[in-house]
Number of protein chains: 2
Amino acid sequence: MLLDAAGELMRESGYASVTSRRLAAKAGLKPQLIHYYFRTMDDLFLALFRRVEDDLVRRQNAVVGAEKPLRALWDLISDRQDVALAYEFVALANHRAAIREEIARFGDKFRKAQIKILDQILAKSGVDTRVWPPTFVSVLINSLARSLAVQDALGAKLGHPEALAIINRFIDQVDKGSN
Amino acid sequence: MLLDAAGELMRESGYASVTSRRLAAKAGLKPQLIHYYFRTMDDLFLALFRRVEDDLVRRQNAVVGAEKPLRALWDLISDRQDVALAYEFVALANHRAAIREEIARFGDKFRKAQIKILDQILAKSGVDTRVWPPTFVSVLINSLARSLAVQDALGAKLGHPEALAIINRFIDQVDKGSN
DNA sequence: GTCTATACTTCGATAGAC
DNA sequence: GTCTATCGAAGTATAGAC
């Protein structure tokens, strides 16, 4: 419950506003209880990150069974809430070594799993994997999805429709061949 | 001088560590002087952002005259220092409305200028702009450059060599035709 | 412009009673 | 597990002397 509240606070107001006092207020507890469950705030941030991490890996694995797997993957990595949280964690990692290491570890783990999944999706789709190697597609779609999501959230959308048209065409083509 | 120090602090330790006390310490001043030059910390962040903004637009305009213009643009938007700062500002924008608006405004302005430049570069290069519309190339290279830079900085580099090989091939092809 | 002094708030974290 | 009490540090910001 505390981690839920912490995540919400972080997405809405940034990592700097996740303080023991504010978090406690949101959860209807006394600030001291935060330190009972998580000795330091670093412990809390790490616990939250690991939780989000597990959830993302689990959801990513689930796209394999979807009717339109690449679309499902794209939607997953485009999720506004997730992207906002990811940005906060990256900024947080800038001055918390423990977080930075965990993010780096996760980044590679998530990508490794994603490449495996894309390998299957692309093979079934009939797309030429010499032109579109799964590794490249992974880097490509994650970059695009996150950039578009964050810029959209900020309110800068110039060029997005044109880009999305091309991206959607690619996704649909892959998912069409997939069935 | 203060803005230089603030930018450095922000890149190194995150926006949350840009406080009047720490900034003053770094600059060898008393904390109260910060408030003399910038009444509030918001004013300071805005002033810093506008400064970085102008600098980026200026540097982007300069790539037109470069021998390898697309490579010059790619290097510009891949700059580790700039990307780190950009992430901090986005995170900061999450809970400072004034910053968010300024970033959105800049995002569209920067992209608009970039599309214009890419229009020239791509036209000269002989690349088929029906396959590679300048707007799409703009969204694409900014997404890729920033994602790769930030992940690199964190220490997650899985798949980067493969992606860069493909990106570099495209850039070289464009710049080759450009001369 | 730079200083001292200072007000007020919020922070992380611990001790100890129940 | 939850409470009261409390410490010391750090934050933003203002007033006023020089």
Side-chain angles (χ1 to χ4, degrees), chain A residues 1-52 85 87-103, chain B residues 1-52 85 87-103:
Chain A
M1 191 258 281
L2 274 181
L3 293 182
D4 279 344
E8 211 175 312
L9 208 49
M10 205 167 166
R11 275 188 294 265
E12 287 168 358
S13 324
Y15 71 81
S17 72
V18 181
T19 67
S20 49
R21 282 175 158 81
R22 261 183 273 197
L23 178 55
K26 194 181 177 78
L29 301 172
K30 300 286 172 182
Q32 295 88 334
L33 263 189
I34 310 296
H35 293 289
Y36 172 74
Y37 289 107
F38 307 96
R39 203 178 61 84
T40 68
M41 293 305 285
D42 259 48
D43 291 341
L44 185 144
F45 280 121
L46 262 184
L48 173 58
F49 186 78
R50 296 218 171 97
R51 194 148 159 279
V52 172
L85 205 51
Y87 260 73
E88 290 299 326
F89 271 115
V90 169
L92 187 58
N94 214 340
H95 60 289
R96 304 239 195 180
I99 302 282
R100 182 165 54 248
E101 286 162 25
E102 188 67 25
I103 290 192
Chain B
M1 191 260 282
L2 274 183
L3 293 181
D4 280 344
E8 211 174 313
L9 208 49
M10 205 166 165
R11 274 188 295 264
E12 287 168 358
S13 326
Y15 72 81
S17 72
V18 181
T19 67
S20 47
R21 277 176 156 84
R22 263 184 271 196
L23 178 55
K26 194 181 175 79
L29 301 173
K30 300 286 172 181
Q32 295 88 334
L33 263 189
I34 309 295
H35 295 288
Y36 171 75
Y37 290 106
F38 307 96
R39 203 180 62 83
T40 68
M41 293 306 284
D42 258 49
D43 291 342
L44 184 144
F45 281 121
L46 263 184
L48 174 58
F49 185 78
R50 296 218 171 97
R51 194 148 160 278
V52 171
L85 205 52
Y87 260 73
E88 290 298 325
F89 271 116
V90 169
L92 187 59
N94 213 341
H95 58 288
R96 305 241 193 180
I99 302 281
R100 182 165 53 248
E101 286 162 26
E102 187 68 26
I103 290 191

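What you see below is based on every heavy atom in this structure, not just the backbone, and it leaves out hydrogens, waters and symmetry mates. Not measured: the values here are computed from a predicted model. Order of the sequence lines sets the chain letters (A, B, ...), proteins ahead of strands, with each chain counted from 1.
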Among C:dG12, D:dA13, D:dT12, the one nearest any side-chain atom of A:S20 is C:dG12
Looking at A:K26 and A:D4, does any basic side-chain N land under 4.0 Å from a carboxylate oxygen?
no
Round to the nearest Å and state the distance from B:Y36 atom OH to D:dC18 atom C1'.
14 Å
Which of the following nucleotides, D:dC3, C:dG12, C:dG1, is nearest to the side chain of B:Y37?
C:dG1
Nearest nucleotide by nearest heavy atom, which residue falls closer to the 5' end of DNA chain D, A:R21 or A:L33?
A:L33
Please report, rounded to the nearest Å, how far the C1' atom of C:dG12 is from the CG atom of A:L44.
12 Å
Nearest whole Å is fine: how far is C:dA15 P from A:R39 CZ?
11 Å
Rounded to the nearest angstrom, tell me the gap between atom CG in A:D43 and atom C1' in C:dG12.
12 Å
Quick one: is C:dG12 close enough that its OP1 or OP2 comes under 4.0 Å of any side-chain N or O from A:H35?
no
Out of D:dT14, C:dA13, C:dC11, minimum distance to the side chain of A:Q32 belongs to C:dA13
Between A:T19 and C:dC11, is there a side-chain N or O to OP1/OP2 distance below 4.0 Å?
yes
Quickly work out the B:F38 CZ to D:dT12 P distance and round it to whole Å.
14 Å
